Each structure stands twice: as structure tokens, then as C-alpha cells.
Number of protein chains: 2
Amino acid sequence: MAATRPKAEAGTATRILDVAERLVQTRGFNGFSYADIAAELGITKAGLHYHFAGKAELGEALIVRYSERFAEALAAIDASGLDARAKLDAYVDLYAQVLSGKRMCLCGILAAEYQTLPRPMCDAVIRFFDDNEAWLTALLERGGADGTLSLSEPAADSAQMIVSGLEGAMLVARPYSDPERFKSSAQHLIASLT
Amino acid sequence: MAATRPKAEAGTATRILDVAERLVQTRGFNGFSYADIAAELGITKAGLHYHFAGKAELGEALIVRYSERFAEALAAIDASGLDARAKLDAYVDLYAQVLSGKRMCLCGILAAEYQTLPRPMCDAVIRFFDDNEAWLTALLERGGADGTLSLSEPAADSAQMIVSGLEGAMLVARPYSDPERFKSSAQHLIASLT
DNA sequence: GTCTATAGGCAGATAGAC
DNA sequence: GTCTATCTGCCTATAGAC
């Protein structure tokens, strides 16, 4: 009765998601195929269809899992006890961690390919940005209230600028293969709030 | 002897570039095919190969033309006689104009697909960003000198942040189909310099 | 849960006629 | 400069054996 195995090695579905996630984040959704995943896992293309009916369903599952993990990371920051200023730094560091794996944000790269994605994936991408901006807006407001951040604009506007600014910093840093480029842009981005 | 016809209707090569440019900017380089272009122009796929040997050569030609046009737009801003502050606004407006056509910056979307592009295209994408940052750096330095802009960081750092911030603002605004979203983010991005 | 086998389609590309 | 015809290869996906 191993309904929930705490430390079992990853099941096949999870390993498929892991490989597919890396492929999307490095090559884009239109830049990889079932064959790429199958070859890497040592199974056949047909075997993949047992776990994910089609590429659209796989893509949807990728965004759902990615968003859940991101939400968990945000919850961890919320629970950290840091002040708002430090939490903002921690938020920026989430993006830096993604980039350090030479990856683009999953939803950032999907935003680039947005007009070619199946509808369910589109909706999930939008939700990711909405959730991030909502969380960041609340953080900025708390920072403005406790004096650790100085807001010169409505918090929602700053949140929008920060999310898109961080996505852009990742986007441009990757061709240069230079994580420092991201960190520099990100720091200047939030400098006006500190 | 029509070596240079001033107002001739576009030649086939130009029309191919026009269609391909729009397809890349809306769907990505891996999101369209020769068949899409051929269908739209009413010629066959084989006909395209006469003008551009392969998709790689077409992609390279796209970046070259796009970069030339961008450089011309920058030269026009230089020649405008506006102060540095107004020139910065004009620069932001170049991006807004691209987005108003429901398109992403050509090199921004190629940056997302960077790891799947043929080498010559990669080099041309990097050059585009280098050129933009160099132009913007010079502008910011002039603005700092004449007092119309207030630099709190080295001009090159601010230029990097602005270019990547504008690319990100385009990237995220497009799924929302909301040009206002771009304008808001862009204004907040340069607010600290004004 | 993974396999073999295969379908049906589209990709980028080429040869050679007109 | 554009066509027809064709190639090879990869794509996503399915049927059915094991």
C-alpha cells in the first residue's frame, strides 16, 4: 500500500515532465518533439502517449506543475519573516535561480509562442502572470505600509513593471549566456523602490 | 534602365520578407513554414527557394533588414533636434509601434528561440541588442550631461535595463492583447530617469 | 506500462521543365 | 522566376501485442 511514497524515485510521468520542462525552457514549445523526450528517457514515443494523450495535454500539465511550484516558493517567502524589502530580493532570486539553469521562465517562453499554443495552455499562462502580479502587488503594498519600500506609483503598476522587467531580463540575458547581465538589470529594475 | 525604381511595387523577395517577418514576429521562427509564406503569396514552396536558399538564409535576411530599419529609426531620432528626454520617449515609442501591429520585437522573439537557431542568426540577434544598448547608452550620457535625464547608475547599466525591460513589457503585453499594458510598464521603467 | 508497427501529414529541400 | 513532381525525414498520433 504505497499510495504516497515519500521518497520513491520519480515515476515515469514525473520524469517525462522533468525532461519536457527543460526542453520547453531551453528550446520553446515548438522547438522539441516527443522523440526528444523518448530518446532521453530510453522509452518509445508511443509510450509517452500513455502518460500524456498529446503534446497539448503535456504542455498544460507542465504549466500547472510549474505554477504550483512557483506558488509554493511564494508561500515560502511569505512565511520567511523577512521584511518586504528582503522578500522582494528573494522574489528576484527565484528568477535568477531559473536562469542559472540556463533556462528561460517557462511561462515567459510560452508567452513568446502564445499565438501558436492550444487554448488551455494560453489560459494557464495568463493565470501564471496574474498570480505573480497579485502576489507582488500585495507585497509592495505591505512594503509601502511598513516603510521598507518606497512606492511612487500604484503597487499594481509597479508589480506589472517588475514581472515584465524580470521576464525581459531573462530573455535578453540568455543569448549572452551571462547571469550577471540578469542580476544587473534586475537590481536596477527594483532600485527605484528601495 | 530601372536600376533603382523609387516607387516600384515590392519585388517578390521583398514580399517574401514582409510575410515572413510578420509570421516570425507573431508565431516565432519555429512556428511557421515555407508553406505558410507560399500560400499567402500565391506561389509554391519551390519558388521560395529561388529567392532564399533555405530557412536559415531567410531568417538571417530578416534580422539584417529589421536591424537596418531600426538603425534608420534611431538615426531619425538623433536628427530630430529633440532633447535627450524626448528622444528617450521616442525610443520607447518605436517599441510601442511594433506592438501595435500585434507583433513582438523580431529579435526579442528570436532570443526566446535562441538555442534552436542557426549560428548566423544567433550572431545577428546579439548584434541587434549590442547596437541598441550602445545607442541608448550614448543617449543617456548626453541626457545626463545636459540635465534632461538624471542618471543614478552608469549609463550602460541603465541602457541594458531599459532594452531588456522594453522587450519584457512587449513579451508579457502580447498575451493580454493590451497595448496599454506595455505603455504603463514602459513609462514606469523610465520614470526613475526623468 | 511499454512495446512494435504504422498511419497520415507536413517539414525543408532538390531536379528539371517551362 | 515560377512551376510540377518528388524526395527524405520527422512530426503527432493510433492500434494492438506483450
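Note that this is a predicted model, so its numbers are computed, not measured. Below, read A as the first sequence line, B as the second, and so on, with proteins coming before strands; counting in each chain starts at 1.
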> Please list all pairs meeting salt bridge (charged side-chain N to carboxylate O under 4.0 Å, His left out) that have one or both residues in residues 115-128 of chain B, counting only residues at least two apart or in different chains.
none

> Applying side chain to side chain donor-acceptor pair (under 3.5 Å), can you list everything that pairs with A:Asp178, at least two apart in sequence or on another chain?
none

> Which side chain to side chain donor-acceptor pair (under 3.5 Å) pairs, counting each pair once, include a residue from residues 155-172 of chain B, with sequence neighbours left out?
none

> Who pairs with B:Arg181 by salt bridge (Lys or Arg N to Asp or Glu O under 4.0 Å), at least two apart in sequence or on another chain?
A:Glu133

> Please name all residues satisfying salt bridge (Lys or Arg N to Asp or Glu O under 4.0 Å) with B:Arg103, sequence neighbours left out, ordered by chain then number.
B:Glu21

> Has the side chain of B:Gln187 got a donor or acceptor atom that lies under 3.5 Å from a matching backbone atom of B:Ser184?
no

> Keeping to residues at least two apart or across chains, list the salt bridge (charged side-chain N to carboxylate O under 4.0 Å, His left out) pairs with something in residues 138-154 of chain B.
B:Asp78-B:Arg142

> Going by number, which of residues 24-42 of chain B have a non-hydrogen atom under 4.0 Å from DNA chain D?
B:Gly42

> Please list, in 5' to 3' order, the outermost nucleotides of DNA chain C lying under 4.0 Å from any heavy atom of chain A.
C:dG1 to C:dA5

> Checking B:Asp18 now: which residues fulfil salt bridge (Lys or Arg N to Asp or Glu O under 4.0 Å) with it, not counting sequence neighbours?
B:Arg65

> Restricting to pairs with a member in residues 39-50 of chain A, which pass side chain to side chain donor-acceptor pair (under 3.5 Å), not counting sequence neighbours?
A:Arg22-A:Glu40

> I need the residues from residues 43-55 of chain B with at least one non-hydrogen atom less than 4.0 Å from DNA chain C; give them sorted by number, or say none.
B:Lys45, B:Ala46, B:His49, B:Gly54, B:Lys55

> Tell me every residue that passes side chain to side chain donor-acceptor pair (under 3.5 Å) with B:Ser67, counting only those two or more places apart in sequence or in another chain.
none

